[in-house]
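Hydrogens, waters and symmetry mates are skipped; everything else that's a heavy atom, side chains included, is used. Both ligands and their constituent atoms are indexed starting at 1 by order of listing.
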Amino acid sequence: MLDAVHQAPAPLIDPFGRAITYLRISVTDRCDFRCVYCMAEDMSFLPKADLLTLEELERLAGSFITLGTRKIRLTGGEPLVRRNVMQLIERLGAQIGQGLDELTLTTNGSQLVKYAEGLAKAGVKRINVSLDTLDADKFTALTRWGKLGPVLEGIAAAKAAGIAVKINAVALKGVNEDEFDRMIAWCGAEGFDLVFIEVMPMGEIGGEMRLDQYLPLSRVRTDLMDRWTLTETDYRTGGPARYWRVGETGQRLGFITPLTHNFCESCNRVRLTCTGTLYMCLGQEDAADLRAPLRDGRDDAGVQQAVRAAIARKPKGHDFIIDRDHTAPAVPRHMSVTGG
Ligand code: SAM
(Lines give C-alpha, C1' and ligand atoms only; values in the text may rest on other atoms or scores of the structure.)
Protein backbone atom coordinates (compact mmCIF):
# COMPACT_ATOMS: atom_id res chain seq x y z
CA MET A 1 0.00 0.00 0.00
CA LEU A 2 1.61 3.29 -1.10
CA ASP A 3 1.05 6.72 0.37
CA ALA A 4 -0.39 8.73 -2.55
CA VAL A 5 1.73 11.86 -2.03
CA HIS A 6 5.13 10.39 -1.16
CA GLN A 7 4.96 7.10 -3.02
CA ALA A 8 6.35 5.57 0.16
CA PRO A 9 4.59 2.77 1.99
CA ALA A 10 1.82 4.09 4.24
CA PRO A 11 2.77 4.03 7.92
CA LEU A 12 1.56 1.33 10.27
CA ILE A 13 -1.62 2.40 12.00
CA ASP A 14 -3.42 -0.10 14.21
CA PRO A 15 -7.21 -0.55 14.47
CA PHE A 16 -7.31 1.96 17.34
CA GLY A 17 -5.55 4.69 15.38
CA ARG A 18 -2.20 4.25 17.11
CA ALA A 19 0.88 4.69 14.91
CA ILE A 20 3.28 1.80 15.41
CA THR A 21 6.76 3.28 15.31
CA TYR A 22 8.65 1.25 17.89
CA LEU A 23 9.90 -2.31 17.45
CA ARG A 24 11.38 -4.38 20.23
CA ILE A 25 13.36 -7.39 19.13
CA SER A 26 14.14 -10.22 21.49
CA VAL A 27 17.29 -11.53 19.82
CA THR A 28 17.54 -14.62 22.04
CA ASP A 29 15.44 -16.27 24.72
CA ARG A 30 18.59 -17.31 26.58
CA CYS A 31 19.96 -15.44 29.52
CA ASP A 32 22.94 -15.77 31.83
CA PHE A 33 20.69 -14.96 34.81
CA ARG A 34 17.53 -16.63 36.10
CA CYS A 35 15.74 -13.76 37.86
CA VAL A 36 13.16 -15.28 40.18
CA TYR A 37 10.25 -13.17 38.91
CA CYS A 38 11.18 -13.63 35.24
CA MET A 39 12.08 -17.27 34.70
CA ALA A 40 11.63 -20.62 36.31
CA GLU A 41 14.89 -22.15 37.48
CA ASP A 42 14.65 -25.06 35.04
CA MET A 43 13.77 -23.12 31.90
CA SER A 44 13.99 -24.98 28.63
CA PHE A 45 15.19 -22.83 25.79
CA LEU A 46 14.47 -22.88 22.08
CA PRO A 47 16.55 -25.10 19.84
CA LYS A 48 19.05 -22.95 17.97
CA ALA A 49 17.60 -24.12 14.62
CA ASP A 50 14.34 -22.30 15.40
CA LEU A 51 16.05 -18.94 15.70
CA LEU A 52 16.05 -16.37 12.96
CA THR A 53 19.56 -15.73 11.75
CA LEU A 54 21.05 -12.31 12.38
CA GLU A 55 20.57 -11.60 8.67
CA GLU A 56 16.88 -12.52 8.88
CA LEU A 57 16.44 -10.31 11.91
CA GLU A 58 18.09 -7.48 10.03
CA ARG A 59 15.84 -8.00 7.03
CA LEU A 60 12.70 -7.96 9.15
CA ALA A 61 13.91 -4.88 11.01
CA GLY A 62 14.48 -3.28 7.61
CA SER A 63 10.87 -3.97 6.64
CA PHE A 64 9.68 -2.32 9.82
CA ILE A 65 11.90 0.72 9.19
CA THR A 66 10.47 1.01 5.69
CA LEU A 67 7.01 0.97 7.28
CA GLY A 68 7.83 3.82 9.66
CA THR A 69 9.58 2.27 12.66
CA ARG A 70 11.73 5.00 14.22
CA LYS A 71 13.03 3.23 17.26
CA ILE A 72 14.37 -0.29 17.76
CA ARG A 73 15.23 -1.82 21.11
CA LEU A 74 17.11 -5.11 21.32
CA THR A 75 16.25 -7.22 24.30
CA GLY A 76 15.95 -10.88 25.24
CA GLY A 77 16.72 -13.12 27.13
CA GLU A 78 19.97 -11.28 27.42
CA PRO A 79 20.68 -9.63 24.07
CA LEU A 80 24.43 -9.48 24.61
CA VAL A 81 24.74 -13.26 25.02
CA ARG A 82 23.54 -13.92 21.46
CA ARG A 83 26.52 -15.01 19.39
CA ASN A 84 27.86 -12.27 17.10
CA VAL A 85 25.09 -9.90 18.17
CA MET A 86 27.41 -6.95 17.52
CA GLN A 87 27.11 -7.69 13.80
CA LEU A 88 23.39 -7.02 13.98
CA ILE A 89 23.89 -3.99 16.22
CA GLU A 90 26.38 -2.48 13.78
CA ARG A 91 24.13 -3.12 10.79
CA LEU A 92 21.09 -1.63 12.51
CA GLY A 93 23.21 1.24 13.85
CA ALA A 94 24.02 2.10 10.24
CA GLN A 95 20.28 2.72 9.71
CA ILE A 96 20.25 5.56 12.24
CA GLY A 97 19.48 8.70 10.31
CA GLN A 98 18.21 6.59 7.37
CA GLY A 99 14.70 6.25 8.75
CA LEU A 100 15.66 4.99 12.16
CA ASP A 101 16.00 7.59 14.93
CA GLU A 102 17.25 5.39 17.72
CA LEU A 103 18.79 2.00 18.38
CA THR A 104 18.94 0.99 21.99
CA LEU A 105 18.94 -2.07 24.18
CA THR A 106 17.80 -3.48 27.48
CA THR A 107 20.45 -5.54 29.18
CA ASN A 108 21.30 -7.06 32.52
CA GLY A 109 24.71 -5.42 32.22
CA SER A 110 26.74 -8.60 32.66
CA GLN A 111 28.50 -8.24 29.29
CA LEU A 112 28.84 -4.47 29.15
CA VAL A 113 32.50 -4.36 30.10
CA LYS A 114 33.15 -6.23 26.87
CA TYR A 115 30.66 -4.44 24.63
CA ALA A 116 30.12 -0.86 25.88
CA GLU A 117 32.62 0.76 23.52
CA GLY A 118 31.39 -1.18 20.52
CA LEU A 119 27.83 -0.22 21.31
CA ALA A 120 28.74 3.45 21.50
CA LYS A 121 30.62 3.17 18.18
CA ALA A 122 27.59 1.53 16.59
CA GLY A 123 25.48 4.56 17.50
CA VAL A 124 23.81 3.37 20.69
CA LYS A 125 23.36 6.47 22.83
CA ARG A 126 21.14 5.18 25.63
CA ILE A 127 20.66 1.81 27.27
CA ASN A 128 18.44 0.43 29.98
CA VAL A 129 20.16 -1.74 32.53
CA SER A 130 18.03 -3.94 34.75
CA LEU A 131 19.25 -3.80 38.31
CA ASP A 132 16.90 -4.56 41.17
CA THR A 133 19.28 -4.29 44.11
CA LEU A 134 22.66 -2.86 45.09
CA ASP A 135 23.19 -5.56 47.69
CA ALA A 136 25.56 -8.25 46.37
CA ASP A 137 23.99 -11.17 48.27
CA LYS A 138 20.48 -10.13 47.40
CA PHE A 139 21.54 -9.70 43.77
CA THR A 140 22.75 -13.27 43.59
CA ALA A 141 19.62 -14.54 45.33
CA LEU A 142 17.35 -12.61 42.95
CA THR A 143 19.17 -13.50 39.75
CA ARG A 144 19.88 -17.04 41.03
CA TRP A 145 23.23 -17.02 39.16
CA GLY A 146 24.35 -13.41 38.78
CA LYS A 147 27.14 -11.44 40.42
CA LEU A 148 26.73 -7.76 41.18
CA GLY A 149 30.39 -6.73 40.72
CA PRO A 150 30.66 -7.30 36.95
CA VAL A 151 27.29 -5.62 36.41
CA LEU A 152 28.42 -2.49 38.24
CA GLU A 153 31.66 -2.54 36.24
CA GLY A 154 29.64 -2.90 33.06
CA ILE A 155 27.46 0.06 33.97
CA ALA A 156 30.59 2.11 34.66
CA ALA A 157 32.00 1.05 31.26
CA ALA A 158 28.83 2.19 29.51
CA LYS A 159 28.98 5.53 31.30
CA ALA A 160 32.66 5.92 30.38
CA ALA A 161 31.78 5.18 26.75
CA GLY A 162 29.36 8.10 26.81
CA ILE A 163 26.18 6.01 26.81
CA ALA A 164 23.33 7.38 28.93
CA VAL A 165 22.26 4.69 31.39
CA LYS A 166 18.78 4.25 32.77
CA ILE A 167 18.36 1.78 35.59
CA ASN A 168 15.22 -0.37 35.58
CA ALA A 169 14.28 -1.99 38.86
CA VAL A 170 11.33 -4.31 39.35
CA ALA A 171 9.69 -3.41 42.66
CA LEU A 172 9.36 -6.56 44.74
CA LYS A 173 7.52 -6.70 48.00
CA GLY A 174 9.75 -7.64 50.91
CA VAL A 175 12.75 -8.01 48.59
CA ASN A 176 14.05 -4.62 47.49
CA GLU A 177 11.51 -2.18 48.89
CA ASP A 178 13.90 -1.31 51.72
CA GLU A 179 16.48 -0.23 49.09
CA PHE A 180 14.54 2.30 47.08
CA ASP A 181 16.06 5.28 48.91
CA ARG A 182 19.54 3.91 48.42
CA MET A 183 18.91 3.31 44.73
CA ILE A 184 17.54 6.81 44.21
CA ALA A 185 20.60 8.26 45.93
CA TRP A 186 23.02 6.05 43.98
CA CYS A 187 21.41 6.83 40.63
CA GLY A 188 21.44 10.51 41.56
CA ALA A 189 25.16 10.38 42.33
CA GLU A 190 25.92 8.48 39.11
CA GLY A 191 23.73 10.66 36.91
CA PHE A 192 21.36 7.85 35.95
CA ASP A 193 17.59 8.00 35.64
CA LEU A 194 15.82 5.27 37.57
CA VAL A 195 12.57 3.53 36.72
CA PHE A 196 10.60 1.28 39.03
CA ILE A 197 8.44 -1.39 37.38
CA GLU A 198 5.49 -3.30 38.76
CA VAL A 199 5.91 -7.05 38.50
CA MET A 200 3.74 -8.44 35.69
CA PRO A 201 1.97 -11.81 35.72
CA MET A 202 3.85 -13.44 32.84
CA GLY A 203 4.86 -17.07 32.74
CA GLU A 204 4.64 -19.72 35.41
CA ILE A 205 7.25 -19.15 38.08
CA GLY A 206 5.83 -21.39 40.76
CA GLY A 207 3.07 -21.23 43.35
CA GLU A 208 1.64 -18.04 44.72
CA MET A 209 4.87 -16.17 44.14
CA ARG A 210 3.35 -13.35 42.05
CA LEU A 211 1.02 -12.23 44.76
CA ASP A 212 3.89 -12.36 47.23
CA GLN A 213 6.02 -10.22 44.91
CA TYR A 214 3.52 -7.63 43.81
CA LEU A 215 4.03 -4.14 45.19
CA PRO A 216 1.69 -1.43 43.85
CA LEU A 217 3.82 1.53 42.81
CA SER A 218 1.13 4.07 43.61
CA ARG A 219 1.83 3.23 47.25
CA VAL A 220 5.59 3.33 46.77
CA ARG A 221 5.47 6.82 45.27
CA THR A 222 3.36 8.20 48.08
CA ASP A 223 5.79 6.75 50.56
CA LEU A 224 8.85 8.14 48.74
CA MET A 225 7.29 11.59 48.76
CA ASP A 226 7.71 11.66 52.54
CA ARG A 227 11.47 11.74 52.05
CA TRP A 228 12.11 13.02 48.52
CA THR A 229 10.90 16.08 46.68
CA LEU A 230 9.22 14.57 43.64
CA THR A 231 7.86 16.89 40.98
CA GLU A 232 5.83 15.41 38.16
CA THR A 233 7.24 16.09 34.67
CA ASP A 234 5.81 15.68 31.21
CA TYR A 235 9.03 13.99 30.05
CA ARG A 236 8.28 10.92 27.93
CA THR A 237 10.61 8.55 26.14
CA GLY A 238 7.87 7.07 24.02
CA GLY A 239 7.55 4.33 26.61
CA PRO A 240 5.03 3.66 29.36
CA ALA A 241 6.98 5.28 32.21
CA ARG A 242 5.70 8.47 33.86
CA TYR A 243 8.52 10.56 35.27
CA TRP A 244 9.04 12.68 38.35
CA ARG A 245 12.09 14.90 39.00
CA VAL A 246 13.90 14.17 42.26
CA GLY A 247 14.66 17.59 43.75
CA GLU A 248 17.53 16.33 45.91
CA THR A 249 19.45 14.65 43.05
CA GLY A 250 18.22 16.37 39.90
CA GLN A 251 17.68 12.97 38.23
CA ARG A 252 14.42 11.57 36.93
CA LEU A 253 12.48 8.85 38.65
CA GLY A 254 10.01 6.90 36.52
CA PHE A 255 7.23 4.49 37.34
CA ILE A 256 5.90 1.78 35.01
CA THR A 257 2.55 0.74 36.36
CA PRO A 258 0.85 -1.80 34.09
CA LEU A 259 -1.32 -2.90 36.99
CA THR A 260 -2.23 0.26 38.85
CA HIS A 261 -2.40 2.46 35.74
CA ASN A 262 -3.05 0.98 32.35
CA PHE A 263 -1.09 2.85 29.67
CA CYS A 264 -2.23 0.97 26.57
CA GLU A 265 -3.96 3.96 24.99
CA SER A 266 -0.59 5.39 23.95
CA CYS A 267 1.00 2.09 22.92
CA ASN A 268 3.20 2.53 19.86
CA ARG A 269 5.08 -0.77 19.89
CA VAL A 270 5.16 -4.40 18.89
CA ARG A 271 7.51 -7.18 19.90
CA LEU A 272 9.36 -9.59 17.67
CA THR A 273 10.78 -12.77 19.15
CA CYS A 274 13.98 -14.46 18.05
CA THR A 275 11.90 -17.03 16.13
CA GLY A 276 10.11 -14.38 14.11
CA THR A 277 6.86 -14.39 16.06
CA LEU A 278 5.37 -10.93 16.34
CA TYR A 279 3.42 -10.19 19.52
CA MET A 280 1.24 -7.17 19.05
CA CYS A 281 0.72 -6.83 22.83
CA LEU A 282 2.96 -7.84 25.72
CA GLY A 283 -0.02 -9.03 27.71
CA GLN A 284 -2.01 -10.95 25.07
CA GLU A 285 -1.40 -14.26 23.35
CA ASP A 286 -2.33 -13.41 19.77
CA ALA A 287 0.77 -13.40 17.58
CA ALA A 288 1.73 -13.43 13.92
CA ASP A 289 4.35 -15.67 12.38
CA LEU A 290 6.74 -13.60 10.31
CA ARG A 291 9.30 -16.36 9.90
CA ALA A 292 7.29 -18.18 7.22
CA PRO A 293 6.85 -15.06 5.05
CA LEU A 294 10.55 -14.40 5.50
CA ARG A 295 11.53 -17.89 4.42
CA ASP A 296 9.02 -18.69 1.71
CA GLY A 297 10.78 -16.62 -0.90
CA ARG A 298 8.63 -13.51 -0.67
CA ASP A 299 10.11 -10.19 -1.70
CA ASP A 300 10.32 -7.26 0.72
CA ALA A 301 6.88 -6.00 -0.29
CA GLY A 302 5.44 -9.42 0.60
CA VAL A 303 7.13 -9.40 3.99
CA GLN A 304 5.86 -5.88 4.62
CA GLN A 305 2.36 -7.04 3.74
CA ALA A 306 2.61 -9.74 6.42
CA VAL A 307 3.71 -7.09 8.94
CA ARG A 308 0.80 -4.89 7.97
CA ALA A 309 -1.66 -7.76 8.38
CA ALA A 310 -0.30 -8.39 11.89
CA ILE A 311 -0.66 -4.75 12.93
CA ALA A 312 -4.28 -4.86 11.80
CA ARG A 313 -4.81 -7.37 14.65
CA LYS A 314 -3.17 -5.31 17.41
CA PRO A 315 -5.48 -5.51 20.43
CA LYS A 316 -6.60 -2.58 22.51
CA GLY A 317 -4.59 -3.55 25.56
CA HIS A 318 -3.60 -6.07 28.16
CA ASP A 319 -5.62 -7.43 31.08
CA PHE A 320 -3.02 -7.79 33.80
CA ILE A 321 -4.46 -8.34 37.26
CA ILE A 322 -2.72 -9.67 40.33
CA ASP A 323 -4.84 -10.40 43.37
CA ARG A 324 -6.01 -13.38 45.40
CA ASP A 325 -8.37 -14.47 42.60
CA HIS A 326 -5.74 -14.00 39.90
CA THR A 327 -2.51 -15.69 40.84
CA ALA A 328 -2.12 -17.57 37.55
CA PRO A 329 -0.14 -15.89 34.76
CA ALA A 330 -2.16 -13.55 32.49
CA VAL A 331 -0.12 -15.02 29.64
CA PRO A 332 1.75 -18.32 29.76
CA ARG A 333 4.96 -17.09 28.15
CA HIS A 334 7.75 -15.73 30.28
CA MET A 335 9.02 -12.18 29.92
CA SER A 336 12.23 -13.60 28.50
CA VAL A 337 10.35 -14.69 25.36
CA THR A 338 9.28 -11.20 24.40
CA GLY A 339 11.85 -9.21 26.31
CA GLY A 340 9.63 -6.93 28.35
N1 SAM B 1 18.17 -9.55 30.01
C2 SAM B 1 17.78 -8.20 29.78
C3 SAM B 1 17.58 -7.49 31.10
O4 SAM B 1 17.81 -8.06 32.14
O5 SAM B 1 17.24 -6.31 31.04
C6 SAM B 1 16.57 -8.03 28.90
C7 SAM B 1 15.40 -8.93 29.07
S8 SAM B 1 14.54 -8.80 30.60
C9 SAM B 1 13.26 -9.98 30.34
C10 SAM B 1 13.75 -7.23 30.43
C11 SAM B 1 13.16 -6.62 31.67
O12 SAM B 1 12.01 -7.35 32.03
C13 SAM B 1 14.06 -6.60 32.88
O14 SAM B 1 14.10 -5.29 33.39
C15 SAM B 1 13.34 -7.51 33.86
O16 SAM B 1 13.55 -7.09 35.18
C17 SAM B 1 11.93 -7.32 33.43
N18 SAM B 1 11.02 -8.39 33.84
C19 SAM B 1 11.15 -9.72 33.67
N20 SAM B 1 10.07 -10.39 34.14
C21 SAM B 1 9.22 -9.45 34.60
C22 SAM B 1 7.93 -9.50 35.21
N23 SAM B 1 7.29 -10.64 35.40
N24 SAM B 1 7.35 -8.33 35.56
C25 SAM B 1 7.98 -7.14 35.34
N26 SAM B 1 9.20 -7.03 34.78
C27 SAM B 1 9.82 -8.17 34.41
Heavy atom under 4.0 Å from ligand 1: found in [X]'s side chain, backbone, both, or neither?
X	value
Thr75	side chain
Asn108	both
Thr107	backbone

Can you confirm whether the side chains of Arg18 and Ser266 place a donor and an acceptor under 3.5 Å from each other? no
Taking the six-membered ring of Trp244, is the NZ or CZ of Arg252 close enough (under 6.0 Å from the centre) and on axis enough (within 45°)?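 Relative to the ring axis of Trp244, which defines the angle, Arg252 lies outside at least one limit.
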[X], any N or O under 3.5 Å of ligand 1 N or O:
X	answer
Asp132	no
Asn168	no
Gly77	yes

Is there a heavy atom of Ala169 sitting under 4.0 angstrom from any atom of ligand 1? no
Within less than 4.0 angstrom of ligand 1, does Cys35 place any heavy atom? no
The criterion is side-chain hydrogen bond (donor to acceptor under 3.5 Å, both in side chains); which residues satisfy it with Glu58, sequence neighbours excluded? Arg91
Under 4.0 Å from a heavy atom of Val170: which atoms of ligand 1 are those, numbered in the order shown and with their elements?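 Those of ligand 1 that fall under 4.0 Å from Val170 are 16 (O), 26 (N).
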Between Ile311 and the options Leu67, Ile13, Val270, the side-chain contact (heavy atoms from CB on, under 4.5 Å) test singles out Val270
Less than 4.5 Å apart, any side-chain heavy atom of Leu215 and any of Val220? yes
Can you name the side-chain contact (heavy atoms from CB on, under 4.5 Å) partners of Asn84, sequence neighbours left out?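 Here the qualifying residues are Leu54, Gln87.
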